[in-house]
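The model shown is predicted, which means the values in this text are computed figures rather than measured ones. Chain identifiers are assigned alphabetically (A, B, ...) following the order of the sequence lines, protein sequences preceding nucleic acid strands; residue numbering begins at 1 within each chain.
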Amino acid sequence: MTRPTPISGFPEWLPPQRMIEQYVIDHIRRTFELYGFAPLETRAVEPLDQLLRKGETSKEVYVLRRLQAGEGETDEDALGLHFDLTVPFARFVLENAGKLTFPFRRYQIQKVWRGERPQEGRYREFLQADIDIVDRDTLPPHYEAEIPLVIGDALGSLPIPPIRIQVNNRKVCEGFYRGLGLTDPEAALRAVDKLDKIGPEKVAALLMETAGADDQQAAACLRLAEISAPDASFADRVRALGVTHPLLDEGIDELVRVVETAAEHAPGLCVADLRIARGLDYYTGTVYETQMIGYERFGSICSGGRYDNLASAGNDRFPGVGISIGVTRLLGLLFGAGALTASRAVPTAVLVALPTEERRAECDRVAAALRGRGIATEVAPSAAKYGKQIRFAERRGIPFVWFPGAEGGGDTVKDIRSGDQVDADAATWSPPAGDLRAAVAGA
RNA sequence: GUGGCUGUAGCUCAGUGGUAGAGCGUCAGGUCGUGGCCCUGAAGGCGCCGGUUCGACUCCGGCCAGUCACCCCA
C-alpha cells in the first residue's frame, strides 16, 4: 500500500503549528469578546440557491449530496458548503430575527470552503474569524469605524508582523464615477481594481473599453485611485478633482469618520486608499482590506465591509458591517516564512522522570498533584537511563524534568535549558508563568 | 476551472539510460546511570501509473501534489 498523499488545498498542520493556531484563535476570540461580540456557530451547509444568489456566476461552491441520491431530489434541494461566514450569518439573522436584540454583534470562527485553485496562502478549506454588527432598518455609521479597531487589537498584540488596514468606501467611487458621467460604475470599479497588477495605462484602456469612459474620464478615475492618506486629508484631494455627486459626499463623510476614529485610537493602523474596491459584490459602503507588512504580495489577510441589502426579507432589512480574518492564510504565510514558532512541540511543561518501573505509582501521584494545579505534566514512558529521559523531554521542548527523590530524599526539578536543579514539592512548586504554556514567538 | 514551472531519505540538496549519495534530523549503542559535545552503527528515498527500451530514477504521456499567473478572494 502506498503512502497517502495530501489533498490539494486542504491543509493539515502538525501539532506545533496547531498549537500556534489555537493560540491565535484563543487570542482573537478573547479580543472579540472584549468588544462584546457574542459567539455563534452556523451549520456548514446552506441551500445552494442561497449561496449562489448574490454572486450569481461562478462562485466556486462545493456541493453536498448523498451517495445514494434519491429520485425526487432536485437542484432546488441541493446543499452547498458555505464559502464565507457573512452569507450564513445574514440568513441566520433573518431566520432568528425575533429572538435577537438589535444592534446584534456576533463573532464566528469556522471553516469555509471554496473550490479555487490553491497556492501559497490560498486554500480550499480554511479558517475564518469573522465579526459582524447588524441592526434593524438602519445601521449607524460609527460601527464602520469600530470594526478596524477590533482587528487592530486582535492582530496587533500577536507576535506577527504589523498590519495595515486599507479602507475605502464604494459610495466615493460610485459617486465619483457617476458625477463624472459614467453609467457603469461597477465596470469602472473592476477596471480600477486591477491598478496594482496591470498599471495605469492598461487600466485606462480597460476603462475606455469596458466602462465607456473617454480619455478625460479615465484619467480622472486614475487620479482618484491614486489617492491614499492615513488621515482625513484624502477628502480635500478628492474634492480638488472637481467632481460632485451626492453619493460622493456621503461616501467621503463616512470614510473620514472611519479614518479619523482609527487615527485617534490606533495611529498608523488605517489608511484611506481609494483604489480598494474589492470584497464580495454585496458591499455597499465602507470596504476593508488588510495587508501584513512585509507580506503585501500575498494579498489581504482580513477584509470585509458594509452591506445594506444582504439580510432582507419583505419589509425586514438588516444592514450590517463586518470583517473576516483569514486565519489559515495568515498562519500559512508565516509558517512558510518560518516567522512563527512555538517554544515546544507538546503542551507538556513537566516530565516526571521514572527511576524504576516499581516507582511508577509514586510518579503518577506527582504528576496528578502538578496537574491538579494546572501544570501540564506527563510521566516518562519507561525507566530508561536518566540521560535518555532528559533527552525525551529535550526533543519535545518540555522545559522541566522532575526527579523523584531517592529513599529519604526530597524531589528535585530541573530546568533543562539552564541546567538549574532545585528541591521541589509537587504540592507547591510551579514553573515560571511564562513556561506554563508553550510560548508563541515571531521571527 | 485554464495555462506555465517543479517533484530524489523527515528537511536542504548532489547524481546517472544499467535500480543512488552528502549534511542535518531520527533510532540504537559507546563515553556520562542527569541530556546537549564526541565516537560507532542502523533505519529510511528516486510522487503515482503507464509507454519507449535488452534495461528508466534518468526519455515520453497521464495522474497526483506543490508553486506561479489568470480567475476569484481570507
(message) With nearest nucleotide decided by heavy atoms, which residue, A:L330 or A:K388, maps closer to the 5′ end of RNA chain B?
(response) A:K388
(message) What is the distance, to the nearest angstrom, from the CD atom on A:Q108 to the P atom on B:A74?
(response) 15 Å
(message) Could you identify the nucleotide paired to B:C32, looking across every strand shown and requiring Watson-Crick or G-U wobble geometry with both distances under 3.5 Å?
(response) none
(message) Please check this pair: side chain of A:R373 against backbone of A:W429, looking for a donor-acceptor N/O pair closer than 3.5 Å.
(response) yes
(message) Is the distance between the ring centroids of A:Y386 and A:F403 under 6.0 Å?
(response) yes
(request) Please state how far atom CG in A:L14 lies from atom P in B:U26, giving the value in whole angstrom units. (result) 15 Å
(message) Using whole Å, what does the distance between atom P of nucleotide B:G36 and atom CD of A:E394 come to?
(response) 8 Å
(message) According to side chain to side chain contact (heavy atoms under 4.5 Å, CB included), who are the partners of A:P11, at least two apart in sequence or on a separate chain?
(response) A:W13, A:Y123, A:T328
(message) Need the pair for B:C37. Rule: Watson-Crick or G-U wobble, both distances under 3.5 Å, any strand; none if unpaired.
(response) none
(request) Can you tell me the pairing partner of B:C5 across any strand shown, Watson-Crick or G-U wobble, with both distances under 3.5 angstrom? (result) B:G66
(message) Tell me whether the side-chain N/O atoms of A:S303 come closer than 4.0 Å to OP1 or OP2 in B:A74.
(response) yes
(message) I want to verify a distance call: between B:A74, B:G35, B:G30, whose nearest atom is closest to the A:K385 side chain?
(response) B:G30
(message) Need one value for A:F392: base, sugar-phosphate or nothing, where a base atom within 4.0 Å counts as base even if backbone is also close, heavy atoms only.
(response) nothing
(request) Could you let me know what B:C46 is paired to, Watson-Crick or G-U wobble, both distances under 3.5 Å, or none if it's on its own? (result) none
(message) Any strand counts, and the cut-off is 3.5 Å on both contacts for Watson-Crick or G-U wobble. Which nucleotide pairs with B:U58?
(response) none
(message) Under a 3.5 Å cut-off for both contacts, is B:U53 paired Watson-Crick or G-U wobble with anything, and if yes, with which nucleotide?
(response) none
(request) Scan A:G419 against the nucleic acid and name what it touches under 4.0 Å (heavy atoms): base, sugar-phosphate only, or nothing. (result) base
(request) Using a 4.0 Å cut-off on protein heavy atoms (strictly under), produce a 5'-to-3' string for nucleotides 63-69 of chain B with B for base contact, S for backbone-only sugar-phosphate contact, and - for none. (result) -SSSBBB
(request) With heavy atoms under 4.0 Å as the rule, sort A:I416 into base, sugar-phosphate or nothing. (result) base
(request) Specify the residue among A:R395 and A:R417 whose closest nucleotide of RNA chain B lies further upstream toward the 5′ end. (result) A:R395
(message) Hydrogens and angles aside, do A:Y107 and A:E33 bring a side-chain donor and acceptor to less than 3.5 Å of each other?
(response) yes
(request) Give every residue pair that meets the salt bridge (Lys or Arg N to Asp or Glu O under 4.0 Å) criterion with at least one member in residues 145-156 of chain A, sequence neighbours excluded. (result) A:R105-A:E146
(message) Taking salt bridge (Lys or Arg N to Asp or Glu O under 4.0 Å) as the definition, give me every residue that meets it alongside A:D411, ordered by chain and number, with sequence neighbours left out.
(response) none
(request) May I have the distance from A:I151 (atom CD1) to B:A74 (atom P), rounded to whole angstrom? (result) 13 Å
(request) Can you tell me which residue pairs pass the salt bridge (Lys or Arg N to Asp or Glu O under 4.0 Å) test with a partner in residues 325-346 of chain A, sequence neighbours excluded? (result) none
(message) Output the rounded distance in Å from CG (A:D411) to P (B:U34).
(response) 16 Å
(request) Any strand is fair game: report the nucleotide pairing with B:U19 by Watson-Crick or G-U wobble, both distances under 3.5 Å, or none. (result) none
With a 3.5 Å cut-off and sequence neighbours excluded, list the donor-acceptor pairs that the side chains of residues 187-208 of chain A form with protein atoms.
unit_1 : atom_1 : unit_2 : atom_2 : d
A:D193 : OD1    : A:R278 : NE     : 3.3
A:D193 : OD2    : A:R278 : NE     : 2.9
A:D196 : OD1    : A:R275 : NH1    : 2.5

(request) Both distances under 3.5 Å, Watson-Crick or G-U wobble: report the partner of B:A14, or none. (result) none
(request) Check every strand shown and say whether A:R391 touches a base, only sugar-phosphate, or nothing at a heavy-atom separation below 4.0 Å. (result) sugar-phosphate
(message) I need the CD1-P distance between A:I398 and B:U34, as an integer number of Å.
(response) 18 Å
(message) Looking at A:E21 and A:R18, is there a salt bridge between them, counting it only when a charged N and a carboxylate O are closer than 4.0 Å?
(response) yes
(request) Look at the side chain of A:Q421 and the base of B:U34, then say whether one donor and one acceptor between them are separated by less than 3.5 Å. (result) yes
(request) Round to a whole Å and report the spacing from CD1 of A:I390 to C1' of B:G36. (result) 10 Å
